[in-house]
Amino acid sequence: MSGGRTRHTLWATALVALALVTGCSQSVDGRAVSIYENPFTVAGLPVTDGPSGPRPGVPDSTLEVRGSEGTDSDLIATNAIDDIQRYWTDTYPELFQGQKFTPVSQLISWDASEDEGSGLRFCGTRTGGVPNAAYCSRDRTIGWDRTILLPALIDAFGPMSVVMVIAHEYGHAIQYQSALVGDDTPTIVAEQQADCFAGAFIRHVAENEAPHFTINTSDGLNGVLAATVAVRDVDPNDPDSVHGSAFERVTAVQIGFTDGAAACTAIDEAEIDARRADLPQKLSNTDDDGELPVTTETLQAFVRSFEKLLALQNPPTVDYDGTDTGCPEGTTTEPVSYCASTNMIGVDVDALAEVGTAERPRRGDVIPLNVSGDYSAYVLFASRYTLAVQKEAGQPLDNPQTALRSACLSGVITAGLSAENIDAATDLEVWLSPGDLDEAVSGLLSDGLTASDIDGVTLPSGFSRVDAFRSGVLGGREACNVRYR
């Protein structure tokens, strides 16, 4: 398929105290409970809403950085390197059979606002006009632009986004030191392993183990993942698109955060291909931007496709004249709502179309704040349809598990709309384009209504919302039923 915002609230943070008490492992009615059972945990950690960023009062690192001017960007990056090296000093020998960790040889800070062809050399290249951060395998150095890229990340996503970027670059250093990668390693493998290692380090920060930084597992972690979305591969048909889509990159970060650095070493071409499943990777027509404008007619086509995919005995009816359908329970969420007693979906088509309008980059933007497009709207529409699925299954519609099931089942629908999955016999009228999953992930992080209950109440953890969606995309309906009972 290749905006209007909705009223929604977060489940009461007072319930987070329950997560702190119960932890991530318990028994209910004699059965084991997984880390996904408690919606107020993030990969087994409690959802927190405290500070994110540099710890106040902690002395700055004394590591030497060539070219540093002591700016906020320099201090954050240098302190991040210090904490990352402490982490790998402990983790590396455990991960690589007792081998000793060796820090990178040099750190370099440059001014990308200088003229092209001028400035310090990094990895043999002048850094003027190069807003980037990178690891150079030639001389084992890490460098960053302190004037354009890092300030833009801080302004858009907060200081922990810089920590995430630096942790990713240090992940490359770990790969080369351990010989995990070589000259014949596909770039996509190296990049997603590095994303994964960065996720493992962010978990270390979330566990309150980093001397210079702290991060909460709600808005703080959401910002880190949103930064990962922003630096995704934008054009799937570009041969230089080697980092992966937002869906793939966020998945790699989540693997590291959830399962630790050891899980990152298992990422290879086969693992990435398995995660890609039958999802679209390239546009079949380079002139097609993959956008399908949101109209009553396109929404009707989606409804017919939903009916074929989900085969409900009593599918919901849809009113396209607004969200207020006269629901006896008074349930209304904007721009699309579901009434359980009448089994009806109400849509404000114009408002939903605004949600599905692609955000165009503005002059001067270094990185996009949000990734939006047609599927931002269609996946939200799908999530309200999933409430009818849950109603038919006899599941409650007004609790946190509802919110996670909505995201998970939206993932099931999304995978079902992949052209690679579509059997000619199903005769679906719409199908996915590359980039649609990225729009869904961005919406789950920034807004969350796709992962909400019938009253529009969502969860504070974007990580959990995205994880639920990903479970549906890759694991199917059974995964939703097992994880989010």
Side-chain angles (χ1 to χ4, degrees), residues 42 45-91 103-104 107-112 131-135 142-171 173 194-195 197-231 253 256-257 366-367 369 445 460-463:
V42 180
L45 295 179
V47 177
T48 56
D49 60 359
S52 284
R55 293 182 186 274
V58 177
D60 291 321
S61 171
T62 58
L63 291 173
E64 183 177 344
V65 181
R66 182 184 172 209
S68 173
E69 293 188 349
T71 63
D72 287 346
S73 298
D74 277 331
L75 292 176
I76 291 171
T78 308
N79 288 335
I81 292 282
D82 200 327
D83 285 5
I84 291 164
Q85 291 185 160
R86 291 170 188 262
Y87 167 78
W88 282 113
T89 296
D90 293 335
T91 304
V104 295
L107 306 174
I108 299 175
S109 167
W110 67 78
D111 180 355
N132 201 359
Y135 169 72
I142 287 180
W144 58 82
D145 155 41
R146 65 178 177 272
T147 56
I148 297 178
L149 176 63
L150 266 55
L153 285 168
I154 294 168
D155 289 345
F157 306 108
M160 290 308 297
S161 62
V162 170
V163 178
M164 176 71 186
V165 167
I166 299 298
H168 169 97
E169 298 308 333
Y170 219 111
D195 285 335
F197 281 143
F201 174 73
I202 293 297
R203 171 69 176 238
H204 175 77
V205 179
E207 291 175 337
N208 207 32
E209 297 291 336
H212 289 98
F213 298 96
T214 184
I215 189 170
N216 69 57
T217 52
S218 51
D219 289 345
L221 189 54
N222 293 357
V224 165
L225 295 178
T228 305
V229 171
V231 293
V253 172
F257 190 94
V366 178
I367 48 178
L369 289 176
L445 289 171
S461 168
F463 186 105

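Atom set for the values below is all heavy atoms of this structure, side chains included, hydrogens, waters and symmetry mates excluded. The chain is numbered in sequence order, starting from 1.
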query: Would L225 and M164 satisfy side chain to side chain contact (heavy atoms under 4.5 Å, CB included), going step by step from the backbone distance to the final call?
result: CA-CA 9 Å; L225 295 178; M164 176 71 186; over 6 Å; no

task: Might you work through the side chain to side chain contact (heavy atoms under 4.5 Å, CB included) test for F257 and L221, ending with a clear yes or no?
output: CA-CA 10 Å; F257 190 94; L221 189 54; 3.9 Å; yes

Evaluation steps, side chain to side chain contact (heavy atoms under 4.5 Å, CB included), between L107 and I81: CA-CA 9 Å; L107 306 174; I81 292 282; 3.8 Å; yes

query: Checking side chain to side chain contact (heavy atoms under 4.5 Å, CB included) for the pair V162/W144: CA distance, chi angles, key distance, verdict?
result: CA-CA 10 Å; V162 170; W144 58 82; over 6 Å; no

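One finds the CD1 atom of I84 at 9.5 Å from the NE2 atom of H204 (value rounded to the nearest 0.5 Å). The CD1 atom of I215 sits 9.0 Å away from the CG atom of N222 when rounded to the nearest 0.5 Å. Between H168 atom NE2 and F197 atom CZ the span is 11.5 Å, to the nearest 0.5 Å. Rounding to the nearest 0.5 angstrom, the gap separating the CD atom in E169 from the CG atom in N132 is 7.0 Å. Interatomic distance, L149 CG to W110 CH2, rounded to the nearest 0.5 Å: 9.0 Å. Atom CG of residue D111 and atom CG of residue D145 lie 7.0 Å apart, to the nearest 0.5 angstrom.
Of all heavy-atom pairs between M160 and V205, the closest is CE-CG1, 4.0 Å. Annotation for D83 and P211: closest pair OD1-CD, 3.3 Å, computed over non-hydrogen atoms. When all heavy atoms of A227 and S161 are compared, the closest pair comes out as CB-CB, 3.7 Å. P103 and Y170 make their closest contact through CA-OH, 3.3 Å (heavy atoms, listed as atom of the first residue, atom of the second, distance). Nearest approach of P159 to I76, heavy atoms of both residues: CB-CD1, 3.7 Å. Counting all heavy atoms, side chain and backbone alike, D74 lies closest to S68 at OD2-OG, 3.3 Å.
For the side chain to side chain contact (heavy atoms under 4.5 Å, CB included) test with S73, the passing option among T147, L150, I148, L153 is L150; the others fail. Among T217, D219, N216, the one residue that satisfies the side chain to side chain donor-acceptor pair (under 3.5 Å) test with T48 is T217.
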Return a table of donor-acceptor pairs under 3.5 angstrom between the side chains of residues 57-66 and protein atoms on other chains or two or more places apart.
residue	atom	partner	partner atom	Å
D60	OD1	N79	ND2	3.0
S61	OG	L63	N	3.1
S61	OG	D82	OD2	2.7

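Remark: E69 pairs with R146 by the salt bridge (Lys or Arg N to Asp or Glu O under 4.0 Å) rule, at least two apart or across chains.
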